[in-house]
J.: 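Just passing along the structure, written as structure tokens.
Atom set for the values below is all heavy atoms of this structure, side chains included, hydrogens, waters and symmetry mates excluded. Only a predicted model underlies this, so the values are computations on that prediction, with no experimental measurement involved. Numbering of ligands and ligand atoms starts at 1, following listing order.
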Amino acid sequence: MTDRPNSRPDTLIRRTGFPDSVSRAVVTPLQPSVVYASSSPDQLDAQYEGSLKGYTYAREGHPNADVLARKIDMLEGGEGGVITGSGMAAVTAVLLGLLKKGDHVVGGDQLYGRSLRMLTRDLPRFGIPTSLADPTDAETMADAITPDTKLILVELVSNPTLRVADMDGIAALARQHGVLLVVDNTFTTPIGYRPFDHGADVVIHSVTKLLAGHSDVTLGYVSARDAGHRTAICDFIATAGMTPSPYDCWMAERGLYTFPLRFDRAEANARALADHLAGLPGVESVLYPGRADHPDHARAQALLGGRDGNMLSFTISGGRAEANRMIEAVPQLAFAPTLGDVGTTVSHPASSSHRGMSPEERAARGMGEGFFRVSVGIEDIALLKADFRQALAAV
Ligand SMILES: *Cc1c(COP(=O)(O)O)cnc(C)c1O
């Protein structure tokens, strides 16, 4: 036994890779390796210098992230995009990778909750003052710009009130003042809007949402038009350790293949459900950018070209008691503060994303206790209509 080298436990560890095969795998291999072995110090030197392409250490980049990034680049018309461990890591990498003390930032006043928090609580701690302004009105954005303003961060469709930003006005403003325009395109997705085609300098995604689409990975994407900005952002991601797990990237790649199909179906469902809700007793109002009664309908048509997306909001008559009854009546609809899943999810901003606001502040923004946001999924629309009829009947 002991003189048979193959059976010695210490030879196990010599990793031999996959068996040779003249045929190749159809599916992208999952590569969890943290480290990559180079063949000589000269080669490693060349890799670090960039004259040879090769991975070194996964925090600096790995193939599963790159495969996913190239596919999202394709959708966005971007180049050299990077995957991060979450959408918020992408937002943070842009802000901390590109700004320095004394720079000023203007943000939309209805950004994603954590982005708002980053702007109002965190950037000021690092000596980066910020102002918030209403992105549906480029004039108020203009008023917020100071001689130190370096960056504007906006989302095209606001969460959860689904207002549509004056993107053309804001892009003109950014150009005129030489300010970087950063667009978080999570809600609209590249099917609805491609920010790079309309003057954006940086595009961000929470890949967690519609692009991956199955609520089983947390990832972000960021791409910058300018190569210098890309390098600064990538370096910050590697330094701060915002790199994603290869497995999550592999899962998101798998999800991304059906993104256009899922988006078509979810959008058609959202359009039909919005009209259905508007006709149900107990529903006071419905917000969907594709409906003629939406306050920014004309702008939505101009910017989104009919790709109004899968998100809608509505208000029921009543307060918290009615809200509780409605949600309890439909346990089959996930009551969860996320969006973009294949299944429909319903959220209640007053008790979740906007719980930090006073009731008066919420009321001023049109999101009282009766206000709900729906991320419409790809279910059979007849089932969805029945679910919401059942929900409203309980109110
Ligand atoms: C969810 C979301 C984020 C944050 O993404 P995570 O992947 O959850 O970190 C940022 N922006 C928007 C618009 C989002 O919906």
Side-chain angles (χ1 to χ4, degrees), residues 65 68-69 72 76 81-96 105 107-123 132 135 151-165 167 181-193 195 200 202-223 233 237 240-245 247-249 251-252 255-256 259 263 266 270 289 304 309-313 334 336-341 345-347 349 352-354 367 373-377:
L68 179 62
I72 303 178
E76 279 295 359
V82 204
I83 304 298
T84 53
S86 70
M88 279 315 300
V91 172
T92 305
V94 170
L95 296 171
L96 297 188
V105 175
D109 61 0
Q110 292 197 22
L111 291 174
Y112 180 70
R114 287 279 164 189
S115 298
L116 270 183
R117 193 181 158 109
M118 174 67 66
L119 259 50
T120 55
R121 308 239 191 131
D122 295 300
L123 289 187
L132 301 179
L151 188 151
I152 296 176
L153 172 62
V154 285
E155 295 167 16
L156 198 155
V157 175
S158 73
N159 174 29
T161 54
L162 309 181
R163 296 298 306 265
V164 181
M167 290 304 293
L181 177 58
V182 179
V183 179
D184 178 338
N185 204 29
T186 301
F187 261 54
T188 26
T189 82
I191 290 180
Y193 189 74
V202 179
V203 173
I204 292 172
H205 274 281
S206 169
V207 176
T208 313
K209 311 294 171 54
L210 285 143
L211 296 182
H214 296 73
S215 300
D216 49 13
V217 292
T218 305
L219 288 176
Y221 163 89
V222 53
S223 174
I233 292 168
I237 288 168
M242 296 167 157
T243 320
S245 128
Y247 180 69
D248 286 355
C249 295
M251 290 283 280
L256 189 66
F259 158 65
F263 194 81
L304 299 172
N310 77 314
M311 303 298 296
L312 65 86
S313 295
T338 186
L339 66 108
D341 186 62
T345 54
V346 182
S347 71
S352 57
S353 54
H354 292 71
M367 39 173 134
R373 188 193 75 178
V374 186
S375 168
V376 182

J.: Where does ligand 1 get N/O contacts under 3.5 Å from the protein, atom by atom?
T.:
{"residue": "ligand 1", "atom": "5 (O)", "partner": "Ser206", "partner atom": "OG", "Å": "2.9"}
{"residue": "ligand 1", "atom": "7 (O)", "partner": "Gly87", "partner atom": "N", "Å": "2.8"}
{"residue": "ligand 1", "atom": "7 (O)", "partner": "Ser206", "partner atom": "OG", "Å": "2.8"}
{"residue": "ligand 1", "atom": "7 (O)", "partner": "Thr208", "partner atom": "OG1", "Å": "2.6"}
{"residue": "ligand 1", "atom": "9 (O)", "partner": "Gly87", "partner atom": "N", "Å": "3.0"}
{"residue": "ligand 1", "atom": "9 (O)", "partner": "Met88", "partner atom": "N", "Å": "2.9"}
{"residue": "ligand 1", "atom": "11 (N)", "partner": "Asp184", "partner atom": "OD2", "Å": "2.6"}
{"residue": "ligand 1", "atom": "15 (O)", "partner": "Lys209", "partner atom": "NZ", "Å": "2.8"}

J.: What is the distance from atom CD1 of Ile237 to atom OG1 of Thr92, rounded to the nearest 0.5 Å?
T.: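 Answer rounded to 0.5 Å: 10.0 Å.
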J.: Could you tell me which residues satisfy ring pair (Phe, Tyr, Trp, His ring centres under 6.0 Å) with Tyr112, sequence neighbours excluded, listed by chain and number?
T.: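 Listed in chain order: nothing, the list is empty.
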J.: With Asn185, which residues qualify under side-chain contact (heavy atoms from CB on, under 4.5 Å), at least two apart?
T.: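 Listed in chain order: Glu76, Thr188, Pro190, Tyr193, Pro195, Val203, His205.
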J.: Got a sec, which residues hit side-chain contact (heavy atoms from CB on, under 4.5 Å) with Ala90, two or more places apart in sequence or on another chain?
T.: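 Residues passing side-chain contact (heavy atoms from CB on, under 4.5 Å) with Ala90: Thr84, Ile204, Val222.
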J.: Please report the interatomic distance CG(Leu95) to CD1(Ile233), rounded to the nearest 0.5 Å.
T.: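 Rounded to the nearest 0.5 Å, the CG-CD1 separation comes out at 9.5 Å.
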J.: Are any non-hydrogen side-chain atoms of Leu156 and Leu304 less than 4.5 angstrom apart?
T.: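 They are in contact (side-chain heavy atoms under 4.5 Å apart), so the answer is yes.
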